[in-house]
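Notes to accompany the following structure.
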Amino acid sequence: MTLPRRSPLLPMLVVAAVAALLYLPLMVWANYGPAARTLASGAELECRTALACATQLRNPVLPSPGQLAGGFRALSVPLTSPLSAPYNAVVTGGETLLGLALGAVVGLALAVLLVASRSFERATLPWLVASQTVPIVAIAPMLAVLLGQYGVQGFLPKAIIAAFIAFFPVAVGMSRGLRSPDALQLDLMRTYSASGSQTFRLLRFPASVPYLFTALKVAATAALVGSIVAEISTISFSGLGKMLAENSRASDTIALWVIMVYGAVLGVTLVGLVGLAERLVTPWKVRA
Amino acid sequence: MTGGTVSVPARTPGRAASVGTLALAVAMAGLLGACLLLARQPQPTSPAAWLLGVLALLVLGGVGVRSAAQGESRAARTLPAVFTLLLGVLGAEALLRAYAVPAGLIPTPSLVLRALWNARTVLLQDTLYTFGLEGLLGFLLGTLAGLLLALVVVRFRFLELGLLPYAALFSSIPIVALAPVIVKAVGLEWPSKTLVVAVTVLFPVVVGAVRGLQSAQPLHLDLMHTYAAAPAQTFREVRVPSALPFVFGALKVGSTLALISAIVAEFFGTDGHGLGFRIQIEVGRFNLDIVWAAIVLSSVVGIAFFSAVGLLERRLVTGAPGRDA
């Protein structure tokens, strides 16, 4: 990029303002029908017209800003309560980080094997892809029971399920990174009569660092999905997934929105952490 | 991209290959024999001995698979994966029987196969519903919307600065957290799941396509400029080809995510169709053989979909990373 860099702050604010302005009519439009039906059913409501009720439904299709703010207040204080969303977000975040670390180690090992041995690649790659299409919702409870039999309980089963989703992006990204040195560079290593492990250490690993971090960012989001799903489908007492499952059963739409926002913040934070690690590891790289 | 593996001379097929075939045959026959022996013996006495035997046979089979993967023939590219699956399934069957694991915990592969056959009509309908209506349609919608959005974003620098950070932000939102909200808002029928899939696919595509469209080499763009090429020509000849690898990278991620997010979204409510619904119901009834049958089906469809996207990539992208995942 030779263009002078411009701050994205103003455009981002404008886009956010436009989105907020569009949200209000959308919200009223989406809630008008249910509000009218609720009124017609003769329910006791504090509002008179369907238009006024659109912002006060107990189960809105889209919650009004006031309702969202109320939901945030209800779910966020006190911070350390086991029922508050921030506390549960921290629990889920911890599981995710542990899972991400596990998944990264497994993914790294697989990537090295995939690049080092073509027969390994041919024998396993289709099944690595297949492992990603396995609906984790279904195997999560089974895995939890199975691990529970061997005394693995609490934090770890969820981290393992998160790792199960996270290893694949790392394996794919890393194998691409390990293959990124071109034929010329590989030939040079050969003229130096470098051994296979030397080629890995001196050429392939350094070349794969940018790929690793890109993959880790994808894997962080995936691991978060994994730990939330694990919380939904196993017996758990804390975490955003448990809150989602409970509030989905109770049809508390506003709480679902609040938890979704917390999940989003958590996802962004985790990706941000990976980005921070990338900056620390490759300080020389020019950021786009 | 074939890097270091290009100039390795193919081993002469001869003694090594026949030894490999022999190892593979012995391993398969041994595992099959073990399964049959165990079938006659409901409570095996010493599982540890069986475990050692099965592991030894699996190692032998691994040697066989390794030699089967030599060379560049079509068989060498496809058969190793098939053999790996067969060995894995037979090994699992033997071990589950040796340790007498109850079917309510992990069903043996033979039970799963039988469930797959017995429940085939229901499961096929569910697959069609989940993949066709929800996964594929959502994937296409998300891709289309993502590409259009990317074009608009690249055209207007203001939007690139203002919208793209949000797209990156949204792509790090866990979809499962989105699913219950969308299902509550749109309803229990398939459109809500299609929408979840579309949203899942959308943001990676936007980010990938924008990054790809901007990845065109300044040198190439300058060259097109000196040729006095019209902007549309430059776009077609330079920007689109350089964007395709990035777009396909996003599409591959999306293709594995599409099916799983459809299944996860069904977890939050359906009208009684779909693989996610089936899995959830049958887990509750401890019919784990049907659950695994549904998992097998969804994996088969998922692999087919991923391969189809990969095939399309190889057709469209010049210099595509051929064997790369």
Side-chain angles (χ1 to χ4, degrees), chain A residues 2 6 8 11-12 14-15 30 61-62 118-119 121-130 132-139 141-142 145-146 169 171-172 175-176 179 181-183 186 199 217-218 220-221 224-225 228-229 232 240-241 244 248 251 253 256-257 259-260 263-264 267-268 270-271, chain B residues 1 3-6 65-70 76-77 80-81 83-85 88 105-106 158-159 161-163 165-166 169-178 180-181 184-185 218 253 256 259-260 263-264 267-268 275-276 279-280 283 288 291 294-295 298-299 301-303 306 321 323-325:
Chain A
T2 47
R6 271 165 56 186
M12 279 182 78
V14 171
V15 169
V61 179
L62 295 175
R118 186 148 34 141
S119 24
E121 182 190 335
R122 284 179 173 171
T124 57
L125 191 61
W127 312 121
L128 291 181
V129 176
Q132 293 311 292
T133 61
V134 170
I136 194 85
V137 197
I139 67 157
M142 293 188 249
V145 172
L146 208 66
V172 170
S175 63
R176 187 164 295 169
R179 287 208 177 101
D182 56 33
L186 287 166
T199 311
K217 281 178 193 161
V218 177
T221 333
L224 181 56
V225 171
I228 289 180
V229 168
I232 291 173
L240 288 180
L244 271 182
S248 172
S251 285
T253 319
L256 285 178
W257 274 80
I259 299 164
M260 178 180 80
V268 172
L270 288 172
V271 173
Chain B
M1 287 296 244
T5 48
V6 131
V65 168
R66 200 183 135 79
S67 81
Q70 304 300 331
R77 266 180 279 142
F83 287 137
T84 310
L85 178 73
L105 199 57
I106 312 175
F158 186 79
L159 279 183
L161 288 169
L163 204 63
Y166 290 112
L169 214 67
F170 272 97
S171 65
S172 54
I173 290 180
I175 36 136
V176 251
L178 210 73
V181 169
K184 282 274 184 298
V253 174
T256 55
L259 203 62
I260 205 166
I263 289 174
V264 171
F267 194 65
F268 291 99
L275 285 174
I279 287 168
Q280 202 196 340
V283 162
L288 291 189
V291 173
I295 289 176
S298 77
S299 301
V301 174
I303 289 197
F306 184 88
R323 296 175 301 102
D324 227 332

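Heavy-atom distances place the side chain of A/Val271, and not its backbone, under 4.5 Å from chain B. Only the side chain of B/Ile106 comes within contact range of chain A, with at least one heavy atom under 4.5 Å from a heavy atom of that chain. Both the backbone and the side chain of A/Val268 come within contact range of chain B, each with at least one heavy atom under 4.5 Å from a heavy atom of that chain. A/Trp257 touches chain B through backbone and side chain together, each having a heavy atom under 4.5 Å away.
Considering only heavy-atom pairs separated by less than 4.5 Å from chain B, the leading option among A/Val218, A/Thr124, A/Leu256, A/Leu270 is A/Leu256. Residue with the most contacts toward chain A among B/Leu163, B/Val181, B/Leu275, B/Leu259: B/Val181 (heavy-atom pairs, distance under 4.5 Å). The choice from A/Leu224, A/Val14, A/Val225 that makes the most heavy-atom pairs within less than 4.5 Å of chain B is A/Val225. Per-residue heavy-atom pair counts under 4.5 Å with chain A were compared for B/Ala294, B/Ala81, B/Pro80, and the maximum is reached by B/Ala81. Highest contact tally toward chain B, considering only A/Ala171, A/Ala30, A/Gly267, is held by A/Gly267 [criterion: heavy-atom pairs under 4.5 Å].
Considering all non-hydrogen atoms of both residues, A/Ser119 and B/Arg66 come closest at OG-CG, 3.5 Å. The minimum heavy-atom distance between A/Pro11 and B/Phe158, with the atom names listed, is CB-O, 3.5 Å. Here the closest heavy-atom approach between residue A/Pro126 and residue B/Ile303 is recorded as O-CD1, 3.4 Å.
Panel note: side chain B/Thr84, backbone A/Ala123; a donor-acceptor pair is recorded below 3.5 Å.
Taking the salt bridge (Lys or Arg N to Asp or Glu O under 4.0 Å) definition, one finds that A/Lys217 meets it with A/Glu278, sequence neighbours left out.
To the nearest 0.5 angstrom, A/Met260 atom CE is 5.5 Å from B/Leu178 atom CG.
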